[in-house]
Every structure is written in C-alpha cells, then in structure tokens.
*Asks:* 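Sharing a structure with you now.
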Amino acid sequence: MDQNVVTTAQEIRDMSIRGAGRIARAGAGAIGKFAESYSGNDMAQFRKDLDEAVKILLDSRPTAVSLWNGVHASIKGVEDIDKVDDARELLTRNSNEFIAESNEAVKTIARIGAKRIEDGDTIMTHCNSSVAISVIAQAHRQGKDIKVYATESRPWRQGILTVNDLAKEGIDTTLIIDSAVRLMMKKMDKVFVGADTITSHGALINKIGTSQLALAAHEARVQFYVCSETYKFSPLTLSGDMVKIEERDMSEVVRPGEIPDSVKVCNPVFDVTPAEYISGIISEVGLISPGSVYDVMQRKFGTELLKE
Ligand code: RUB
C-alpha cells in the first residue's frame, strides 16, 4: 500500500495529526498524493487500491465525520472514470479543492464568529479547536478586550495546546481544570467550542466534557456557540446512522501499575451535546440554528445516501 496513506493513517491514529479539520485535510491530502504518485495503468487495479487506501484512512479514527467527508470529497466522480490518467487528475484536483475550501471556511467562520464576541467578553473554550481559536483570535485582533478560560481537557490535555495558541496571540488566558467548569461558568459571557461531527438533528459530537460545558452554560444562561465547517455535518446521520464514540487506550488515563489489574478503565473521548443546549452554529454558510442543519446538509450532500 501507498506508504504515505499508511503513515497518514498512523499519524491520525496516534494523534500526531489531530482535530477534526486537520484530520480531514490530512485524509484528503493523502488521497491526492496516492493518486498523484500512482504508477499503474490498470483502472480495475486502481479502484481496488483506492478502496483499500480509503479504508485505511477511515479506520484511523471513527468519530469525526470530517475525515469521511474529506476523503469522499476527494474521490468524488471516480466511479464515472475509466482511465487511470483521468482518475489521477480528478482525485488530485478534488483533494486540492477540498483543502483550499477547508482553509477558506475557517477564515470565513473566524470573520462571522468574531462578530458574536463583544468588547469585555469573558469566554470559555474546551479542548483544542483550531476553528474556535480562530474566532477568538480574530475578535482579539479587532481590538476587543477579551478574557479566555480554557479547560485542561483530560486525559490528553489538549487545553495545554489551546493556552499556548491563545497566549501566542497575546490574549488574556487562564487554564482551568475540567472540574472547575461549573464553578467558573458564572463568570462567563459566552462559550465557543469546535465540532467533530454535527448530526442531522443538530446534536454536537465534540471532545468529552463538551456536554458538561453546555449544561453548565445553559444553567448559567451563558451563550453556547459551536464553530464548525459544514464538512463536519454528517450526511450519514441523515440516513439514520449513529455516530461512533471513540474509546481510547487506558494508558492515556493511568500509568502502568497505578491501579489494581481488576479495575477497568473506560476512556470515551467524545460526547454528545443535544441541540437544545446550542445557541448557534457558526459555519462558513453563516450563523445557523441547530434546527437548520438538515436543510444545509440536504443542499450540500443531496439525498443520495437516503437511497442506500
Ligand atoms: C479535538 C476536538 C476539537 C474538534 C474541532 O479532539 O474535539 O474540538 O476536533 O477541532 P481530538 P478543529 O484532540 O481528540 O482530535 O476546530 O481544529 O477542527
């Protein structure tokens, strides 16, 4: 198999490449490179090898639909092609287009989202979302005086990445432990988080603990915004599929020998926030309500999947 595909899948699995947007672009990029460097001329063999490459990439992490969308956007139209040369050109173009549109979407979301941040706002964020951080950084660059509280996001501690990103921008940043969320929520004006997947009925799947932020925000009457490109909307949920919540190894939670062998460790790394806790989804097609996700999905993906 193409070495770059295998390496990319491994880097996604071990989280050297992480975050839903980055893994989508990495998956799309791996398909583009696979096509570009494909040396054979037999179209049947190309299809077989491509199917395997797709499977390897999609098996690397199960929850973020962005990876599925990035990979599928890159192979779109290959079923109608009968020459390897044409397939090579199509997949390379698709992949480059997806990556360019993805980067552009983040910029658009930053512009739209920054308008929801007012001078003097105190904001909470969770995990390490490049899109939520772009929104916050844009507001800061516009000269708004803001404070950000970032959760540690155990067990992987993506919050450490977040506070580094925010501090580099010169933003007033405070790190809190995950258990401090409810206590600190009283001081917040808004919450901004990213998304791994958004379902057809507007539920958010994001880093474990996101739903606790949403619950605490709801209780404290704090606005809860999700920053998400539309390729994090799941067309699979449109046809009834469930989102698989990834569970990762116990070594992320405890060190060897720290607990008795008889004790089990459960390490789910994403959770589900119901639509009713979400004030708005900031996407590249605008600020939308969770109830509008279905319409946006239909426009973007059509209803093809419903027939399968
Ligand atoms: C990352 C995470 C992020 C989303 C959005 O989880 O939950 O909030 O992926 O990220 P992990 P982005 O660290 O397990 O990949 O906005 O960068 O796409």
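For ligands, and for the atoms within them, numbers begin at 1 and follow the listed sequence. All values below were derived from every heavy atom in this structure, side-chain atoms included, with hydrogens, water molecules and symmetry-related copies excluded.
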*Asks:* With heavy-atom distances below 4.0 Å as the criterion, list the atoms of ligand 1 near Lys232.
*Replies:* 12 (P), 16 (O), 18 (O)

*Asks:* Show which atoms of ligand 1 fall inside a sub-4.0 Å distance from at least one heavy-atom site of Asn206.
*Replies:* 2 (C), 3 (C), 4 (C), 7 (O), 8 (O)

*Asks:* Can you sort out which atoms of ligand 1 are near Gln158, meaning under 4.0 Å from one of its heavy atoms?
*Replies:* 11 (P), 13 (O), 14 (O)

*Asks:* Any nitrogen or oxygen of Gly19, main chain or side chain, under 3.5 Å from a nitrogen or oxygen of ligand 1?
*Replies:* yes

*Asks:* Determine whether the side chain, the backbone, both or neither of Met15 has a heavy atom under 4.0 Å from any heavy atom of ligand 1.
*Replies:* side chain

*Asks:* Would you check, one step at a time, whether the test ring pair (Phe, Tyr, Trp, His ring centres under 6.0 Å) holds for Phe34 with Phe46?
*Replies:* CA-CA 10 Å; Phe34 162 87; Phe46 179 86; 5.7 Å; yes

*Asks:* Do Ser129 and ligand 1 have an N or O pair less than 3.5 Å apart?
*Replies:* yes

*Asks:* Within this structure, what is the OH-OG distance for the pair Tyr231 and Ser283, rounded to the nearest 0.5 Å?
*Replies:* 11.5 Å

*Asks:* Quick check with a 6.0 Å cut-off and a 45 degree axis cone: is Lys190 positioned over the face of Tyr225's six-membered ring?
*Replies:* no

*Asks:* Out of all atoms in ligand 1, which are within 4.0 Å of some heavy atom of Gly21? Include the element for each.
*Replies:* 18 (O)

*Asks:* Counting only N and O atoms by type, is there a donor-acceptor contact under 3.5 Å from the side chain of Ser228 to the main-chain atoms of Lys232?
*Replies:* no

*Asks:* How many angstroms lie between atom CZ of Phe98 and atom NE2 of His72, to the nearest 0.5 angstrom?
*Replies:* 12.0 Å

*Asks:* In terms of heavy-atom contacts, does CZ of Arg157 have more than 12 from other residues, nucleotides or ligands at under 6.0 Å?
*Replies:* no

*Asks:* Against heavy atoms of Lys207, which atoms of ligand 1 measure under 4.0 Å?
*Replies:* 6 (O), 7 (O), 11 (P), 14 (O)

*Asks:* If the cut-off is 4.0 Å to any non-hydrogen atom of Cys127, which atoms of ligand 1 fall inside it?
*Replies:* 1 (C), 2 (C), 6 (O), 7 (O)

*Asks:* Report the C-alpha separation of Glu246 and Arg61 in whole Å, then their side-chain angles, then the decisive distance to 0.1 Å, and conclude whether the side chain to side chain contact (heavy atoms under 4.5 Å, CB included) test is met.
*Replies:* CA-CA 7 Å; Glu246 179 183 9; Arg61 281 195 91 182; 2.9 Å; yes

*Asks:* Check each atom of ligand 1 against the heavy atoms of Phe270 and keep those under 4.0 Å away; list them by number with element.
*Replies:* 6 (O), 7 (O), 14 (O)

